[in-house]
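The block underneath contains the structure these notes are about, expressed in structure tokens.
Everything numeric in this text was worked out from a predicted model, so none of it was measured.
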Amino acid sequence: DLGRIVRLAWIGWALEQPAPKQSWLTPYDYLSERDREADRRIGETVQVAVLKELRDRIKELEKEVEFWKASFSAMGEIK
């Protein structure tokens, strides 16, 4: 669950702080539904951004593969 991942990252950050608020350390299952929804939305937003980056990178790599295939094919290396 993306909300849980966000919360774990948040708690990890909170534990590094000199005087974390107790509410910062509340596990996901003990959050209000409103706070769980916020964490889920953050997770979903990050997921969409990462997947878009990956999709764009895959498209770039596919173009590179086609370029090299065409280059080698022109040299008679690949049929």
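- Interatomic distance, Leu61 CG to Leu54 CG, rounded to the nearest 0.5 Å: 10.5 Å.
- Residues meeting the salt bridge (charged side-chain N to carboxylate O under 4.0 Å, His left out) test with Arg40, sequence neighbours left out: Glu33, Glu37.
- The number of heavy atoms from other shown groups lying within 6.0 Å of CZ (Arg34) does not exceed 12.
- Closest heavy-atom contact between Gln17 and Trp24: CG-CZ3, 4.1 Å.
- Within the model, atoms CD of Glu64 and OG of Ser71 stand 11.0 Å from one another, a figure rounded to the nearest 0.5 Å.
- Across all non-hydrogen atoms, the minimal contact from Leu25 to Leu15 is CD2-CD2, 3.6 Å.
- By the 4.5 Å side-chain criterion applied to Ile, Leu, Val, Met, Phe, Trp and Tyr, Ile5 is assigned to a cluster that also includes Leu2.
- The environment of Glu60 atom CD is dense: over 12 non-hydrogen atoms of other residues, nucleotides or ligands sit within 6.0 angstrom.
- A continuous path of hydrophobic side-chain contacts links Phe72 to Phe67 [ILVMFWY only; heavy atoms under 4.5 Å].
- Side chains of Glu62 and Ile58 form a contact here, defined as non-hydrogen atoms less than 4.5 Å apart.
- Between Ile42 and Trp10, the closest side-chain pair of non-hydrogen atoms is not below 4.5 Å.
- Linking Ile, Leu, Val, Met, Phe, Trp and Tyr residues whenever their side-chain heavy atoms come within less than 4.5 Å leaves Val6 and Val48 in two separate clusters.
- The shortest heavy-atom contact between Pro20 and Ala14 is CB-O, 3.3 Å.
- A donor-acceptor contact shorter than 3.5 Å is absent between the side chain of Arg7 and the backbone of Tyr28.
- We find that Arg4 and Asp29 are joined by a salt bridge, their nearest charged nitrogen and carboxylate oxygen being less than 4.0 Å apart.
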